[in-house]
Amino acid sequence: TVGAVALDQLGNLAAATSTGGITNKHAGRVGDSPIIGAGCYANNASVAVSCTGSGEVFMRTLAAYDIAALVTYSNLSLQEACQKVVMEKIPQLGGSGGLVAVDRLGNVALPFNSEGMYRGYGYIGDAPDVGIYR
Amino acid sequence: MCNAVIAIHGGAGAIAQASLSVQKEKQYFAALRKIVSAGQRLLAGGGSALDAVTQAVRLLEECPLFNAGKGAVFTHAGDHELDASIMDGFSLQAGAVAGVKHIRNPILAARAILEHSPHVMLTGDGAEDFAEQQRLERVENEFFSTPERFAQLKLARQRGEMLLDHGGAAAGGVQFMPPDQKFG
């Protein structure tokens, strides 16, 4: 699975996700990637999120929207919301994976509970910051 | 003016540092940097967040290292079924496709649904027809295949289990889904 989130100079957020799914999947199986609110979500009032991992768990937790809801209704920071969803809720249901997220202030989070996640981010004018492992 | 930023991912899983070759690691880092840089340039030029994520995901789909578009994993049946979605935080408009087999860049189909359809998600043949109406590039299903992904399929079939992103031969490690036989 791949994905991206962005905040532009006008303060608009967007998210996108794309995938081939999981190897040896049943024909017709659909995971979280195309499900708005599960694997992809963006709202200028809160955050933009794109997920990757065990899709069925991300669907059952509405992971992407859950982060937006925690930021909006519980006033959690982006980091706190990501911590709760990726490091607590998803593992509780046996899920693994991660996500990239950005809030309306330009804070970025790239949490994952698996061994690694191919990831990167960059503000305008900065060198890209990329990583694979913890 | 906001502090514009782009963040991307290329999948997660059991990516063991010891088993990922130095050469392969360099390829991943280079691809990630290239795609982040492209997004930064677009945003610096006044481009929209929606255009930035569309471009980034299209480039990730074109890179065979990652599980989307070219380089996507195989189904149990030995072909590729692709899914994609996109959402605009300003308008709350969204678009998605699922189970498509011939659209070269599924993210462009999702974007076209966001912009030109009253619906949010189209699947299978309906999505393919819509993409054709939008004159999006169509490819044979084999276009998405790579030897590394086929090796992962063979391994998964032998084990009778499903394999998450970046857990197989391409990454050097193995991470299987629980043996719940969801593939039938």
Side-chain angles (χ1 to χ4, degrees), chain A residues 1-31 33-36 39-44 48 50 52-54 97-100 102 106 108 110 112 114-124 128 130 132-133, chain B residues 1-15 17 28-29 32-33 36-37 40 43-44 48-50 52-54 56-57 60-61 66-68 72-77 80 82-90 94 96 98 106-107 152-153 156-157 162-165 182-184:
Chain A
T1 305
V2 306
V5 294
L7 171 71
D8 64 30
Q9 295 186 61
L10 297 178
N12 295 312
L13 292 167
T17 310
S18 182
T19 193
I22 50 179
T23 300
N24 205 25
K25 69 181 179 182
H26 191 298
R29 177 266 186 187
V30 175
S33 296
I35 309 294
I36 299 299
C40 180
Y41 186 75
N43 186 331
N44 274 13
S50 173
T52 176
S54 36
L99 55 85
V100 292
V102 58
V108 171
L110 303 92
F112 55 97
S114 47
E115 283 186 36
M117 181 172 80
Y118 298 102
R119 62 196 187 277
Y121 73 96
Y123 291 91
I124 290 177
V130 301
I132 300 176
Y133 319 106
Chain B
M1 298 289 267
C2 289
N3 193 14
V5 63
I6 184 164
I8 66 170
H9 68 77
I15 307 165
Q17 188 164 8
Y28 277 108
F29 278 129
L32 291 167
R33 282 196 193 94
V36 171
S37 296
Q40 289 173 295
L43 291 170
S48 71
L50 195 62
V53 298
T54 303
V57 170
L60 286 159
E61 287 177 343
F66 303 109
N67 175 24
V73 300
F74 284 84
T75 69
H76 184 66
H80 307 277
L82 311 177
D83 312 322
S85 64
I86 188 166
M87 186 164 185
D88 177 10
F90 171 72
I107 194 61
Q152 286 180 334
L153 175 64
R157 279 175 168 169
M162 291 184 290
L163 190 64
L164 280 174
D165 264 23
K182 281 186 176 175
F183 56 86

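Residue numbers start from 1 in every chain, and the chains themselves are labelled A, B, ... in the order their sequence lines are given, proteins ahead of strands.
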Any idea which of A/Gly97, A/Cys40, A/Ala48 has the most non-hydrogen atom pairs under 4.5 angstrom with chain B? A/Cys40
Heavy-atom closest pair (B/Cys2 atom, A/Gly11 atom, distance to 0.1 Å) is SG-CA, 3.4 Å
Chain B heavy atoms under 4.5 Å from A/Val5: which part of the residue, side chain, backbone, both or neither? both
Around A/Phe112, counting heavy atoms of other residues, nucleotides and ligands shown, do more than 12 lie under 6.0 Å from its CZ? yes
Comparing A/Thr17, A/Asn43, A/Val30 against chain B, the one with the most heavy-atom pairs below 4.5 Å turns out to be A/Thr17
With chain B, the option among A/Gly98, A/Ser50, A/Gly106 that has the most non-hydrogen atom pairs under 4.5 Å is A/Ser50
Kindly compute the distance separating CG (B/Asp88) from CG (A/Asn12), expressed to the nearest 0.5 Å. 6.5 Å
Most contacts with chain B, counted as non-hydrogen pairs under 4.5 angstrom, among A/Leu13, A/Thr23, A/Asp8: A/Thr23
Looking only at heavy atoms and a cut-off of under 4.5 Å, which of B/Thr75, B/Leu32, B/Val53 has the most pairs with chain A? B/Val53
Mind checking whether B/Phe66 and A/Tyr118 have parallel, tilted or perpendicular rings, split at 30° and 60°? perpendicular
Determine yes or no for a side-chain-to-main-chain donor-acceptor pair under 3.5 angstrom, with B/Gln40 supplying the side chain and A/Tyr123 the backbone. yes
Choice from B/Ala96, B/Ala4, B/Ala84 maximising heavy atom contacts with chain A below 4.5 Å: B/Ala4
Please give me the minimum heavy-atom distance between A/Val108 and B/Val5, naming the atom from each residue. CG2-CG2, 3.7 Å
Write down the atom of A/Pro128, the atom of B/Val36, and the distance for their closest heavy-atom approach. CB-CG1, 3.7 Å
To the nearest 0.5 Å, atom CG of B/Leu60 lies from atom OG1 of A/Thr19 at 11.5 Å
From the list B/Leu82, B/Val57, B/Thr54, the residue making the most non-hydrogen contacts under 4.5 Å with chain A is B/Val57
How close do A/Ala16 and B/Ile86 get, heavy atom to heavy atom, and via which atoms? CB-CG1, 4.0 Å
Using the side-chain contact (heavy atoms from CB on, under 4.5 Å) rule, take A/Asn24 and B/Arg157 through it: C-alpha gap first, then chi angles, then the decisive distance, then the call. CA-CA 7 Å; A/Asn24 205 25; B/Arg157 279 175 168 169; 3.8 Å; yes
Can you see which heavy atom on B/Met87 is nearest to which on A/Ile36, and at what distance? SD-CG2, 3.6 Å
Interface moiety of A/Val102 toward chain B, non-hydrogen atoms closer than 4.5 Å: side chain
Derivation of the side-chain contact (heavy atoms from CB on, under 4.5 Å) call for B/Glu61 and A/Ser18: CA-CA 8 Å; B/Glu61 287 177 343; A/Ser18 182; 2.6 Å; yes
Given a strict heavy-atom distance threshold of 4.5 Å, which part of A/Ile132 is in contact with chain B: side chain, backbone, both, or neither? both
If you define the side chain from C-beta out and look only at heavy atoms, does anything of A/Lys25 sit under 4.5 Å from B/Val73? no
Please indicate whether B/Phe90 has more than 12 foreign heavy atoms, meaning atoms of other residues, nucleotides or ligands, lying under 6.0 Å from its CZ. no
Ranked by heavy-atom pairs below 4.5 Å to chain A, first place among B/Ala44, B/Pro106, B/Ala7 goes to B/Ala7
A/Ala4 and B/Ala56 have their tightest heavy-atom pair at CB-CB, 3.8 Å
Is a side-chain N or O of B/Asn67 found less than 3.5 angstrom from the main chain of A/Val2, in a donor-acceptor match? no
Could you give the distance from CG (A/Leu99) to NE2 (B/His9), rounded to the nearest 0.5 Å? 7.5 Å
Rounded distance (nearest 0.5 Å) linking atom CZ of A/Arg29 with atom CE of B/Met162: 7.0 Å
OG1 on A/Thr1 to CG on B/Asp83, rounded to 0.5 Å: 8.5 Å
